[in-house]
Chemist: 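This is the structure I have questions about; it appears just below.
Lettering follows sequence order; numbering is per chain, from 1.
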Number of protein chains: 2
Amino acid sequence: MEPSMRQPLVMVDTALFTIRDERLCLILARRQEPPFAGVLALPGGFVHVEEDADTAMAARRVIRHKVGFDAPYLEQLFTFSGPARDPRGWSVSVAYYALIPLSLLDQSQVAETWPAEALPPLPFDHSQIVAQAVERLRSKATYSSLPAFLLPGEFTMNELHRIYEQSIGARLDKASFRHKILEQGIIEALPDRFRVGAHRPAQLYRLASTALTPFERKI
Amino acid sequence: MEPSMRQPLVMVDTALFTIRDERLCLILARRQEPPFAGVLALPGGFVHVEEDADTAMAARRVIRHKVGFDAPYLEQLFTFSGPARDPRGWSVSVAYYALIPLSLLDQSQVAETWPAEALPPLPFDHSQIVAQAVERLRSKATYSSLPAFLLPGEFTMNELHRIYEQSIGARLDKASFRHKILEQGIIEALPDRFRVGAHRPAQLYRLASTALTPFERKI
DNA sequence: CTAGTTAATTGTAATTTGCAAGTAACATTT
DNA sequence: AAATGTTACTTGCAAATTACAATTAACTAG
């Protein structure tokens, strides 16, 4: 290769999803450095060639720095690039999205969650990243156990049902949902564990060992 | 940011799919430059910060350079990174995959197609890229009109049926396939155009104007 | 004009899904 | 302790979808 070839800045940005008040939300961070210092944006940072095994590790570092732990689910989303996305010039951002149960967040972190439908204006091309992340989540929710990662380790069937509806953005039949989910074996009942309240106790479930299970589909 | 921060090499690699002799194949290129000069590999190249609007444009340039035209279907696949994937050190490769009908290739290009199931050993992490590209193609074939881009502009129902079976790697019921495809409206019949032979002529179809249509799914 | 071959349709059983109503199991109130 | 409210869960059945198998259609070649 030509030794004089200029190489672009390489960074990662993360869309961190959680569910708060029955709504799909994102965790935003106020930027510490220019450009856009002080502005709310997706948590992100440069890839550290000296330390990071790959961009996924850079994304995990960004997330740990933001919330203090590793996200239960993390997946590469898309790589955004071009001369216009960052005022410093041609750059590449490898975008990741992650799913985090609200119960893992502390109060100050919960205060930084914003409904995906009502985000403040975001710098760079972060709105585009969010749009694509939401689309990916919706899409995967229709044929995999992905939304379960938005819940804590133990959850009821109705909680799972609501999370799916939120993720997909549509109503799902209760009985059919129950049937399909149990049939697919993506969750398993916890014997003798129930969520109690002023009504009939609800069976508790957890994700089955086979982490992310795609549903069966046909053409 | 720290002005001394070292930035990695940024390149694109492309998995170019086509169907030859009823088999899913990839177009490989012999590398002109070191490392691995003379070795068969996925067509690729560096991102030219001065010329490329984004990595997709770099991928299009690579493909034009290889086959002489733009691929009917091109999609970003995944971004691979790390210190080990290239002997020159930490690098990033934005991988794309494309679908190209065999009929668009000339003889010398057809000679460079290799069955996806029997590829020669590939340098860098290209085997991993291929594996992921095949998986993506299989996955999308089950719920979209993607495989149609492996066919020329006009095709019969049976040709489409076979392409889907090859892409997915499983048998599909003829009648159900026909039903579903026509119902979804992803293709349209060409009135009075038929493929003739020593048997009943087959209706010719083309992709409907709505390019890539995802099928409807339910949970 | 018959045999051979591929295209396309039809019919039906099995399965899946959508909708709606009913039963179960609590806590709280009377 | 019985009635009430609320949420959990199951059942039943109609409607839609899919799998399987057989049949009919349209051509060419001999």
Chemist: Among residues at least two apart in sequence or on other chains, which ones pass side chain to side chain contact (heavy atoms under 4.5 Å, CB included) with R200(B)?
Modeler: none
Chemist: Would you be so kind as to tabulate the donor-acceptor pairs closer than 3.5 Å made by side chains of residues 95-102 of chain A, with sequence neighbours excluded?
Modeler:
unit_1	atom_1	unit_2	atom_2	d
Y96(A)	OH	T55(A)	OG1	2.6
Y96(A)	OH	A56(A)	N	3.0
Y96(A)	OH	Q76(A)	OE1	3.4
Y97(A)	OH	E75(A)	OE1	2.9

Chemist: Show the numbers, then the answer: is there a side chain to side chain donor-acceptor pair (under 3.5 Å) between T113(A) and R20(A)?
Modeler: CA-CA 8 Å; T113(A) 60; R20(A) 174 172 59 78; 2.7 Å; yes
Chemist: How would you list, by chain and number, every residue that makes a side chain to side chain contact (heavy atoms under 4.5 Å, CB included) with E135(A), sequence neighbours excluded?
Modeler: none
Chemist: Before you tell me yes or no, could you show the steps for L40(B) and E112(B) under side-chain contact (heavy atoms from CB on, under 4.5 Å), namely the whole-Å CA-CA distance, both residues' side-chain angles and the distance that decides it to 0.1 Å?
Modeler: CA-CA 9 Å; L40(B) 283 169; E112(B) 290 172 303; over 6 Å; no
Chemist: Go through dG18(C), dA7(C), dC9(D) for me and flag the one nearest to the S176(A) side chain.
Modeler: dG18(C)
Chemist: Less than 4.0 Å between a side-chain N and a carboxylate O, is that true for E22(B) and R162(B)?
Modeler: yes
Chemist: So H161(B) and F177(B), would you call those rings parallel, tilted or perpendicular, with 30° and 60° as cut-offs?
Modeler: tilted
Chemist: So for the helix from dC1(C)-dG30(D) to dT30(C)-dA1(D), with five pairs setting each end axis, what is the inter-axis angle to 10°?
Modeler: 10°
Chemist: Tell me: CG of L182(B) to C1' of dT10(C), nearest whole Å?
Modeler: 15 Å
Chemist: When you check every protein heavy atom under 4.0 Å of nucleotides 25-30 of chain C, what one-letter string (B, S, -) results, 5' to 3'?
Modeler: BBS---
Chemist: Scan residues 183-207 of chain A for pairs that pass ring pair (Phe, Tyr, Trp, His ring centres under 6.0 Å), counting only residues two or more places apart or in two chains.
Modeler: none
Chemist: Would you kindly give the CD-to-C1' distance between E159(B) and dA7(C), to the nearest whole Å?
Modeler: 12 Å
Chemist: Quickly work out the D173(A) CG to dG12(D) C1' distance and round it to whole Å.
Modeler: 13 Å
Chemist: If you find the nucleotide of DNA chain D closest to N158(A) and the one closest to A175(B), which residue's nucleotide is nearer the 5' end?
Modeler: N158(A)
Chemist: Quick check: on DNA chain C, is the nucleotide nearest Y205(B) upstream (toward 5') of the one nearest H179(A), or the reverse? Name the residue that is more 5'.
Modeler: Y205(B)
